[in-house]
Amino acid sequence: MSATLKDATAIVGIGQTAFAKQLVEDEKTLACRAILAALEDAGIAPAEVDAFASYTMEDTDEVEIAKAIGAGDVTFFSKVGYGGGGSCATVGHLAAAVATGQANVGIAWRSRKRGSGPRPWKNTRAQLPTPAQWTRPFGLLRPADEIAMLTRRYMHEYGATRDHLFNVALACRNRANQNPAAMMYERPLTREMYMTSRWISEPLCLFDNCLETDGALAVVIVSADRARDCPQRPVYVHSVAQGLPSQHHGMVNYWNEDPLSGPSWAAAQHLWKQADFGPEDVDVAQIYDAFTPLIPLSLEGYGFCGRGEGAAYTEGGALEIGGRLPLNTSGGGLSEAYVHGFNLITEGVKQLRGSSTAQVPDAATCLVTAGEGVPTSAVLLRS
């Protein structure tokens, strides 16, 4: 029998800063605050930390963070590429390190000042990477422009409408309205507001796009044996996967035979193969929502419905509490905060601890996904 990571490790601590359009503290300070909060939640001293995992787009690094928090000797560290696609992979890398004895206490984190900082695509001095040379000179300047093109293709092929996208935006906003930490906490969304809002990149309007946020989050991972002695209820890393499909081209994906079969399809194959349960057994999901159309595409990719059925799946309150698949219960990137999807991981932990502000009754399994449209990752959590 081949070795797996199934339930060998657990998340035992979570931490976050406030979320806002502009925070005064720099990214290093925010990172340290989130990490120290996660360690306090786990009941583990900073000196015991010996592993780190983060994003390649993270501006803070493990050397400075380790010194600042007072970590001991570090025996494992890794970085994952592709922006929002890396979120769940950081958990997977640490789970593998702890499960194989490379480390004992791992920290994954994301600290970002996107709300008050520059946009990555505004740097015109740097030479464009090869994929961007095929898109930006022709007007696809931002991720929103690229996803808008995929969305139009999806609408054309499968009859998806703006009402389906509104269903996604509304479900996330409704959950944020229950979450005092969310940027959109006291800001309800109506269909009229959605339908009359300004275009960002047609057919994507203002409310189809994620927030711009300053903030940081972190999680602590230890072995399943040690997790039983920690103060919080362990949330086990049941299965983890990364996905990069053949002939992939970031965001637009137009080299693929089917541009609408994105990285989630590749990640899902391995994720479910390693799991003891399937999509029908998932109690709650935290699905990467930088843009509303990523939700129906991901619902299809991860097997909750058939090809082309993701838009219709959102109908009838399916994504609300009490629906077929309660979704993004903190508000997600659309309405809580956009920190490259890391808040989806911490919300998944809260759901399985029973401490979410929009708690799904008796939730015992949770799917968390990273960015669809780029090389991605996903994790199945269980209580």
Side-chain angles (χ1 to χ4, degrees), residues 1-15 35 38-39 41-56 58 61-63 65-66 69 71-82 85-110 217-230 232-244 266-277 341-342 345-346 348-349 352 365-370 375-383:
M1 179 181 291
S2 61
T4 71
L5 297 179
K6 188 185 301 177
D7 303 332
T9 63
I11 298 174
V12 294
I14 56 176
I35 290 169
L39 288 167
D41 187 51
I44 294 175
E48 293 190 65
V49 175
D50 56 4
F52 292 96
S54 63
Y55 301 59
T56 56
E58 175 66 38
D61 66 58
E62 58 276 344
V63 176
I65 294 297
I69 68 168
D73 291 344
V74 177
T75 57
F76 178 88
F77 41 92
S78 72
K79 291 184 180 293
V80 185
Y82 308 104
S87 59
C88 297
T90 64
V91 172
H93 286 202
L94 289 178
V98 171
T100 56
Q102 302 302 304
N104 297 301
V105 177
I107 292 284
W109 83 97
R110 182 70 170 115
L217 305 102
V219 300
V220 180
I221 295 175
V222 299
S223 70
D225 287 341
R226 178 161 186 181
R228 287 187 279 270
D229 296 326
C230 292
Q232 301 289 352
R233 181 180 184 180
V235 172
Y236 296 96
V237 179
H238 183 70
S239 179
V240 64
Q242 292 179 256
L244 169 56
Q269 294 180 40
H270 185 69
L271 186 78
W272 298 119
K273 181 174 67 175
Q274 301 294 324
D276 289 341
F277 56 88
F342 212 95
I345 300 171
T346 55
V349 173
L352 301 191
T365 56
C366 180
L367 167 69
V368 185
T369 76
T376 194
S377 54
V379 62
L380 287 171
L381 302 175
R382 75 160 188 87
S383 59

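This structure is a prediction, so every number in the text was calculated from the model and none was measured.
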Listing, residues 88-106 side-chain donor-acceptor contacts under 3.5 Å, not counting sequence neighbours, or none:
residue: Thr90; atom: OG1; partner: Ser87; partner atom: O; Å: 2.7
residue: His93; atom: ND1; partner: Ser78; partner atom: OG; Å: 3.0
residue: His93; atom: NE2; partner: Gln242; partner atom: OE1; Å: 3.3
residue: Thr100; atom: OG1; partner: Ala96; partner atom: O; Å: 2.6
residue: Thr100; atom: OG1; partner: Ala97; partner atom: O; Å: 3.4
residue: Asn104; atom: ND2; partner: Asp50; partner atom: OD2; Å: 3.3

Please find the pair of heavy atoms, one from [X] and one from [Y], that lie closest to each other, and give the distance.
X	Y	result
Ala227	Ala10	CB-CB, 3.7 Å
Asp61	Val63	OD1-N, 2.9 Å
Ala266	Gly243	CB-CA, 4.0 Å
Ala108	Phe342	O-CZ, 3.4 Å
Ser377	Gly86	OG-C, 3.9 Å
Ala38	Ala218	CB-O, 3.8 Å

Worked verdict on Thr56 versus Lys79 for side-chain hydrogen bond (donor to acceptor under 3.5 Å, both in side chains): CA-CA 5 Å; Thr56 56; Lys79 291 184 180 293; over 6 Å; no
Distance, nearest 0.5 Å, that separates [atom1] of [X] from [atom2] of [Y]:
X	Y	atom1	atom2	value
Tyr82	Tyr55	OH	OH	15.5 Å
Ile107	Ile44	CD1	CD1	8.0 Å
Leu380	Leu5	CG	CG	12.0 Å
Leu271	Leu367	CG	CG	6.5 Å
Arg382	Thr365	CZ	OG1	10.5 Å

If you define the side chain from C-beta out and look only at heavy atoms, does anything of [X] sit under 4.5 Å from [Y]?
X	Y	value
Val237	Asp7	no
Leu39	Val220	yes
Leu381	Ile11	yes
Glu62	Val74	no
Leu217	Trp109	no
Val12	Ile221	no

Which residues share a side-chain hydrogen bond (donor to acceptor under 3.5 Å, both in side chains) with Gln232, sequence neighbours left out: Asp41
Lys/Arg N to Asp/Glu carboxylate O, Arg110 vs Glu58, below 4.0 Å: yes
Side chain Ser383, main chain Val235, donor-acceptor under 3.5 Å: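 It does not hold such a pair.
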His238 and Phe277 aromatic ring geometry - parallel, tilted or perpendicular at 30°/60° bounds: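 Aromatic pair Phe277/His238 classed parallel.
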CZ (Phe76) with more than 12 external heavy atoms under 6.0 Å: yes
Within 6.0 angstrom of Phe77 CZ, more than 12 heavy atoms from elsewhere: no
